[in-house]
Student: 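Have a look at this one.
Letters go in sequence order (proteins before strands), and every chain restarts at 1.
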Amino acid sequence: MIDPKQLRQSAAEIRENLARRGFDFDTDAYAALEEQRKALQVETESLRNERNSSAKQIGKAKAQGEDVVPLLEAVKDLGDRLDASESRLEAVQAELRKIELDLPNLMHDDVPDGKSEEDNRELRRWGELPEFNFEPVDHVDLGNNLGLLDFDAARRISGSRFTVMHGPLAQLQRALIQFMLDVHTNEHGYQEVYVPYLVQEQALFGTSQLPKFEEDLFKTDGDTPFYLIPTAEVPLTNLAREQIFEADSLPRRYVAHTPCFRSEAGSYGKDTRGMIRQHQFEKVELVHMVAPADADDALELLTGHAEQILQRLGLAYRVVALCAGDLGFGSNRTYDLEVWLPGQKNYREISSCSSYTDFQSRRMQARWRNPETGRPELLYTLNGSGVAAGRALVAVMENYQDKDGNVRIPEVLVPYMNGTEVIGKAR
RNA sequence: GGAGAGGUGGCAGAGUGGUCGAAUGCACUGGUCUUGAAAACCAGCAAGGGUUUGUAGCCCUUCGUGGGUUCGAAUCCCACCCUCUCCGCCA
């Protein structure tokens, strides 16, 4: 959520900033509502003030044994006037809130112009593209041939966009997760956290998946429904909900491995082959909570931590800065890591690292105590995949295949595979 | 699932209809004292929002959550949520 105060004071600049995303902010409608809000709020609060002071007067009079009947007479209709004023105020506030919750975040000045993915700016590449003296196949063919990837079974159990993996392949994904967690906790200074996979509405409001993107989420039945987390960003970032952190406890860096659940509504026909886009996938997520002045550095650091994983796995990738049109709803700035997939002869997103400024923390009331002012102020949040385990598995399979259809294990993972160096055909 | 107890400020803990945003203690911050520290003493110390040039002043809201009674609710009534203890069940 954008600061409502800023929304009132600099509506024109905000509209321009959001227009770069292709978002049309109707400032006139907002200003009109805001004018009503102000009048109604002033009126409501002064009525409440009146009520409070007369109640005190009555109390005082009663204590002194005076006749309170005339005083009661004077406040007879106050309650009704207050009720009317309150309900009009609430209606206007609800409309304002609806607009505010629908507004995407302001963008960083460095976000490149552009409408779609094609306009993203490539920042750098790392690694040599692997060369094969045979025609490399994709992970689906590899997995099928090895007898370790079973989309048929997954379809019988759960339908499309699910995967069943067997033996060493299942183990390889676990090895990847374990490796990533070890690097981030032992070398990058993250605290590992175990979090709930089912969360309530307010958590998703906090990180801004709700109210706008409900159709992307799986939801349970019941009076107080749960949502399955689409990313560990939700529970991790909400650790700061309604908290005030001391300055010396920042930055806070958290890492969690969780499964992620996404309905993928609206992506019918996209990435239907293989396990690139699934309803359920494993991810290692990184979250930073920082003082505002440190946010720019934190994004570089966070991205670097995710890059470390790909580098140690020996996977070629590139880093792109998302353009205005491709930027996520709540993001102020995003770097995507795209890994090279020989099976697709293309770079595919494997990590997305975003800075949210105070967009999420305002919704969560996540604060820190600024020593310069002595007051609680909103902290800044960042998150990024470090990295998506399902896609990392795909990348390892495709990049490390040989002409016989075996998959070599990257050196750093061998210890996590009990010494196994190659995955061959199952017998 | 059954029985009981309870949810108040950073923590502990008073408060059962009226000047209560809330006693007291601890913690914390500043000061006095001291060579320094401790102790003692003095003072300060919740959050959100509105108005406003204002981190000044004034005002509103908040005692688990939501409703109700009342001129007035932390306090009374109703519903819900959560925590703890015991019993049952259970990975």
Student: Please step through ring pair (Phe, Tyr, Trp, His ring centres under 6.0 Å) for the pair A:Tyr30 and A:Phe25, ending with a clear verdict.
Tutor: CA-CA 9 Å; A:Tyr30 186 81; A:Phe25 174 29; 5.7 Å; yes

Student: What would the secondary structure line of RNA chain B be in dot-bracket form, counting Watson-Crick and G-U wobble pairs under 3.5 Å, with [ ] for pairs that cross earlier ones and | for pairs with another strand?
Tutor: ((((((((.[[[..)..(.....]]].(((((.......))))).((((((.....)))))).[[[[[..)....]]]]])))))))....

Student: Would you say a side-chain N or O of A:Arg8 is under 4.0 Å from OP1 or OP2 of B:G49?
Tutor: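 No, because none of the side-chain N or O atoms of A:Arg8 sits under 4.0 Å from OP1 or OP2 of B:G49.
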
Student: Between atom CG in A:Asp248 and atom C1' in B:C28, what is the gap in whole Å?
Tutor: 13 Å

Student: Checking all strands, does A:Lys62 fall into the base, sugar-phosphate, or nothing category for heavy-atom contacts under 4.0 angstrom?
Tutor: base

Student: How many Å lie between CZ on A:Arg51 and C1' on B:G18, as a whole number?
Tutor: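 Atom-to-atom, A:Arg51 to B:G18, this comes out as 14 Å.
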
Student: Using atom P in both nucleotides, what's the gap between B:G64 and B:A14 to the nearest angstrom?
Tutor: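 My reading of the P atoms in B:G64 and B:A14 gives 15 Å.
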
Student: Using only side-chain N and O atoms of A:Asn52, determine if any of them is under 4.0 Å from OP1 or OP2 of B:C60.
Tutor: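 A:Asn52 to B:C60 OP1/OP2: side-chain N or O found under 4.0 Å.
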
Student: OP1, OP2 of B:G50 versus side-chain N and O of A:Arg48: anything below 4.0 Å?
Tutor: no

Student: Hydrogens and angles aside, do A:Asn120 and A:Asp326 bring a side-chain donor and acceptor to less than 3.5 Å of each other?
Tutor: yes

Student: For B:G21 versus B:U62, give the span between their C1' atoms, rounded off to a whole number of Å.
Tutor: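 To the nearest whole Å, 9 Å.
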
Student: A:Asn49 side chain N/O closer than 4.0 Å to the phosphate oxygens (OP1, OP2) of B:C59?
Tutor: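 No.
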
Student: Grab the CZ-P distance between A:Arg97 and B:G48 for me, whole Å please.
Tutor: 18 Å

Student: If the P atom of B:G25 is compared with that of B:A40, how far apart are they to the nearest Å?
Tutor: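 Roughly 12 Å separates the two P atoms.
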
Student: Specify the residue among A:Lys60 and A:Leu72 whose closest nucleotide of RNA chain B lies further upstream toward the 5′ end.
Tutor: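 With A:Lys60 and A:Leu72 compared, the 5'-side residue is A:Lys60.
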
Student: How long is the straight-line distance from OG1 of A:Thr207 back to CZ of A:Arg363, given to the nearest 0.5 Å?
Tutor: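 Going from the CZ atom of A:Arg363 to the OG1 atom of A:Thr207 covers 8.5 Å.
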
Student: Backbone N or O of A:Ile244 within a donor-acceptor pair of the A:Arg369 side chain at under 3.5 Å?
Tutor: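 No, because the side chain of A:Arg369 does not come within donor-acceptor range (under 3.5 Å) of the backbone of A:Ile244.
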
Student: If you look at every strand shown and take non-hydrogen atoms under 4.0 Å, does A:Arg369 touch a base, only sugar-phosphate, or nothing?
Tutor: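 Touches sugar-phosphate only.
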
Student: Let's go through A:Phe162 and A:His279 carefully: what are the C-alpha distance in whole Å and the side-chain angles of both, what is the deciding distance for ring pair (Phe, Tyr, Trp, His ring centres under 6.0 Å) to 0.1 Å, and is it a yes or a no?
Tutor: CA-CA 6 Å; A:Phe162 288 93; A:His279 287 311; 5.3 Å; yes

Student: Between A:Arg367 and B:A46, does any side-chain N or O lie under 4.0 Å from OP1 or OP2?
Tutor: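 A:Arg367 to B:A46 OP1/OP2: no side-chain N or O under 4.0 Å.
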
Student: Taking OP1 and OP2 of B:U52, is either one under 4.0 Å from a side-chain nitrogen or oxygen of A:Lys38?
Tutor: yes

Student: Please tell me which of the listed nucleotides, B:U51, B:C71, B:C59, lies nearest to the side chain of A:Ala55?
Tutor: B:C71

Student: To the nearest Å, give me how far apart CG (A:Leu78) and P (B:C60) are.
Tutor: 13 Å

Student: Between atom CG in A:Leu378 and atom P in B:U55, what is the gap in whole Å?
Tutor: 15 Å

Student: Determine the Euclidean distance between corresponding C1' atoms of B:U65 and B:C81; express it in Å to zero decimal places.
Tutor: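 Comparing C1' positions in B:C81 and B:U65 gives a spacing of 7 Å.
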
Student: With a 3.5 Å cut-off and no angle check, do the side chains of A:Gln360 and A:Glu233 form a donor-acceptor pair?
Tutor: yes

Student: Could you tell me if the ring centre of A:His305 sits under 6.0 Å from that of A:Tyr190?
Tutor: yes

Student: Expressed in whole Å, how much space separates the C1' atoms belonging to B:U51 and B:U75?
Tutor: 32 Å

Student: So, applying side chain to side chain contact (heavy atoms under 4.5 Å, CB included) with A:Leu172, which one of A:Ile177, A:Thr420, A:Leu148, A:Ile409 is it?
Tutor: A:Ile409

Student: Let me know the distance between CG of A:Leu40 and P of B:C60, rounded to the nearest Å.
Tutor: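 Interatomic distance, CG of A:Leu40 to P of B:C60: 18 Å.
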
Student: If we take the P atom in both B:G54 and B:G49, what is their distance in whole Å?
Tutor: 15 Å

Student: When you compare B:G68 with B:A73, how far apart are their C1' atoms, in angstrom units rounded to a whole number?
Tutor: 11 Å

Student: I'd like the P distance from B:A79 over to B:C26, given in whole Å.
Tutor: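 That atom pair is separated by 42 Å.
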
Student: A:Gln365 near the nucleic acid: base, sugar-phosphate alone, or nothing, with a heavy-atom cut-off under 4.0 Å?
Tutor: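 Sugar-phosphate contact only.
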
Student: Between C1' on B:A47 and CG on A:Asn370, what's the gap in Å once rounded to a whole number?
Tutor: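 Between C1' of B:A47 and CG of A:Asn370: 17 Å.
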
Student: Step through it carefully: locate the ring centre of A:His257, locate the ring centre of A:Tyr194, and say whether they are under 6.0 Å apart.
Tutor: no

Student: To the nearest Å, give me how far apart CD (A:Gln243) and P (B:A47) are.
Tutor: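 It works out to 14 Å between those atoms.
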
